Amino acid sequence: MTASLSYYSRTKILFGEGIYLNLPSEIEKLIGKEKVLIVTDQGVKMVGILDKIKNVLTENGFTVDTYADVKPDPSIIEIDEVANLIRENNIKCVIGLGGGSAMDVAKMATLVSGDIHNTMHYALMGNPFKASEVVNIAIPTTSGTGAEVTSTVVFSNTEGRKVWGWDEHMAPALALLDPTFTANLPIHLTVATTLDAMIHAMEAVSGRRSNPIIEALSYQSIRLINENYEKVLANPHDLEARGNLSLGATLAGLAIEQGGTGLAHCIGHALGTLEKIPHGRAVAISLFKTIDWLVINAPENYKTIAHAMDIEWNAEAPLKIAARYKKLVSVGQLDLIVGEGKVGEQQINRFVEIMQDQENQPMLQNSCVIPTRDDLNRFAKSILN
């Protein structure tokens, strides 16, 4: 019998080509015609997506401000800047437009703006947020992080360490998934973000907090990504395949919202802190170097993943899962080289220490197999050398 469980998502999800045209009416339902701030990055601005969102709002009578300075793997600097804009300009709706970085900055700044404190006041939830009346909306332009439906964010603190923020009110009120917004994403970013999404689903369903709801979400996520990833690599403008990757990423986000992530994210976050490698690539490298060990030591935890990948369940299935994941990495030509064989023992030890630090413990402890320090040391050497 399944143990008791609960599942809740506060995000309304709209999907379809051109769905962004519904944005004005959706905002009006939430708050009326109040002032809007769009939070994004220069890449999204350059390909014209920012103008599309801004124009559809201004044409429908909204006053719109923009912040387009979000950097990959954002820091407290961007979050504080956006929070101040919200306070100073009486913003009532914040739209995170872009990848996980833009959506995370928008989500965190929305709650930070509800009081006088800066972002560091809330790092690792050292202090609770004050309730905010500002509405948050997410429009992803990648198929990766699932930030459009999660109540967590990741950012770098003043020491350059990747830390967390979370709150039950942090998940956006609305997520708009428009596959046309992902069509011009460069292939290397498509690869990194899509692998990140698949790893979300794999770690949620194989982890210690899995349950039947997470299994259902993860199964469909992995199936959609497994069937459409190579189609997109072959034809980046295949909107049906792009749309399926978008749905896969969002389903994976819903899975990790309750199921959490695991070892690859623990190591990937540490790698991001140590080497400043972008999140998607760091996590993909980390699973590449650990997946054989994981499936050998906890094969039963990968049964749902096998079914989602259309792999017959038998004694050989776990290693076939590992081989399939490695093929996806290879087909995407993901760069696996980090240390180039020049990393010393001190750097290896530092890497292992960061893996075990407070901010990475939840991921480490949720892994289907919890590694020893010797295991982590071996993984670190494999990744950096």
Side-chain angles (χ1 to χ4, degrees), residues 73 123-126 152 154-166 195-196 198-210 256 259-302 305 318-319 321-323 325-326 329 334-385:
D73 295 316
L124 294 176
M125 295 319 297
T152 58
V154 183
F155 58 95
S156 296
N157 65 12
T158 51
E159 300 171 350
R161 299 174 70 90
K162 297 189 76 168
V163 296
W164 297 83
W166 62 87
L195 290 174
D196 183 30
M198 176 171 268
I199 295 165
H200 284 159
M202 292 174 70
E203 293 196 319
V205 73
S206 66
R208 293 167 182 266
R209 289 153 52 189
S210 185
I256 62 170
T261 53
L263 182 60
H265 273 76
C266 166
I267 297 174
H269 279 261
L271 187 58
T273 293
L274 189 75
E275 296 287 339
K276 309 306 177 189
I277 291 175
H279 173 81
R281 179 176 165 235
V283 171
I285 291 170
S286 299
L287 186 60
F288 189 93
K289 298 293 188 177
T290 59
I291 190 166
D292 288 327
W293 181 83
L294 287 164
V295 300
I296 288 170
N297 284 283
E300 288 296 318
N301 292 56
Y302 287 82
I305 298 171
L319 287 177
I321 292 169
Y325 172 74
K326 289 180 180 180
V329 172
L334 185 87
D335 182 8
L336 295 168
I337 305 300
V338 179
E340 299 181 350
K342 301 175 183 177
V343 177
E345 196 66 29
Q346 185 175 357
Q347 188 81 333
I348 296 290
N349 290 337
R350 180 66 184 133
F351 190 12
V352 173
E353 287 171 6
I354 298 172
M355 293 179 201
Q356 298 177 96
D357 278 345
Q358 177 188 3
E359 64 266 25
N360 294 321
Q361 278 295 326
M363 296 172 282
L364 184 64
Q365 297 302 320
N366 191 48
S367 176
C368 57
V369 188
I370 298 178
T372 65
R373 185 179 176 92
D374 285 343
D375 292 324
L376 294 178
N377 189 269
R378 188 173 67 256
F379 300 148
K381 288 179 178 178
S382 175
I383 290 168
L384 294 181
N385 292 316

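Just so we're clear, the structure is a prediction, and the values are computed from it rather than from any experiment.
Under a 3.5 Å cut-off, the side chain of Thr372 and the backbone N or O of Asp375 do form a donor-acceptor pair. With hydrogens and angles disregarded, a donor-acceptor distance shorter than 3.5 Å links the side chain of Lys276 to the backbone of Gly160. Judged purely by atom type and a 3.5 angstrom limit, Asn366 uses its side chain to pair as donor or acceptor with the backbone of Arg208. Using modelled atom types, one side-chain atom of Glu203 and one backbone atom of Ala264 make a donor-acceptor pair closer than 3.5 Å. In this structure, Asp196 contributes its side chain and Gly280 its backbone to no donor-acceptor pair below 3.5 Å.
Atom-to-atom distance recorded for Ile348:CD1 and Gln346:CD is 11.0 Å, nearest 0.5 angstrom. A distance of 5.0 Å separates CD1 in Ile199 from CG in Leu287, rounded to the nearest 0.5 Å. The CD1 atom of Ile267 sits 11.5 Å away from atom NE2 of His269, with the distance rounded to the nearest 0.5 Å. To the nearest 0.5 Å, atom CD of residue Gln347 and atom CG of residue Asn385 are 10.0 Å apart. How far CG of Leu364 is from SG of Cys266: 4.5 Å, rounded to the nearest 0.5 Å. The line from OG1 of Thr261 to CE of Met202 is 13.0 Å long, rounded to the nearest 0.5 Å.
More than 12 non-hydrogen atoms from other residues, nucleotides or ligands lie less than 6.0 angstrom from CD of Glu345.
The two residues Ala282 and Gly268 have their closest heavy-atom pair at CB-O, 3.5 Å. Nearest approach of Asn360 to Ile354, heavy atoms of both residues: ND2-O, 2.7 Å. Nearest heavy-atom pair, Ala380 versus Val352, reported as atom, atom and distance to 0.1 Å: CB-CG2, 3.9 Å.
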Would you check, one step at a time, whether the test side chain to side chain contact (heavy atoms under 4.5 Å, CB included) holds for Ser210 with Asn301? CA-CA 9 Å; Ser210 185; Asn301 292 56; over 6 Å; no
Walk me through it: do Cys368 and Tyr302 pass the test side chain to side chain contact (heavy atoms under 4.5 Å, CB included)? CA-CA 9 Å; Cys368 57; Tyr302 287 82; 3.6 Å; yes
Side chain to side chain contact (heavy atoms under 4.5 Å, CB included) between Trp293 and Leu263, worked out: CA-CA 11 Å; Trp293 181 83; Leu263 182 60; 3.9 Å; yes
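Side-chain atoms of Glu359 and Lys162, non-hydrogen and from C-beta on, never get closer than 4.5 Å to each other. Counting heavy atoms from C-beta on, the side chains of Ile383 and Ile285 come closer than 4.5 Å. Residues Ile277 and Val338 form a side-chain contact, since some pair of their non-hydrogen atoms from C-beta on lies under 4.5 Å apart. Using a 4.5 Å heavy-atom cutoff, the side chains of Ile256 and Thr152 are not in contact. Between Leu319 and Ile296 the shortest side-chain heavy-atom distance falls below 4.5 Å. Between Leu271 and Arg281 there is no side-chain heavy-atom pair separated by less than 4.5 Å. Between Lys326 and Asp292 the shortest side-chain heavy-atom distance falls below 4.5 Å.
When Arg378, Glu353, Met355 are each tested for a side-chain contact (heavy atoms from CB on, under 4.5 Å) with Arg373, only one passes: Glu353.
Ring geometry for His200 against His279 counts as tilted: the plane angle lies between 30° and 60°, on a 0 to 90° scale. Between Phe288 and Tyr325, the ring planes are tilted. Angles from 30° to 60° get that label.
In this structure, Trp164 has its ring center no closer than 6.0 Å to that of Phe155.
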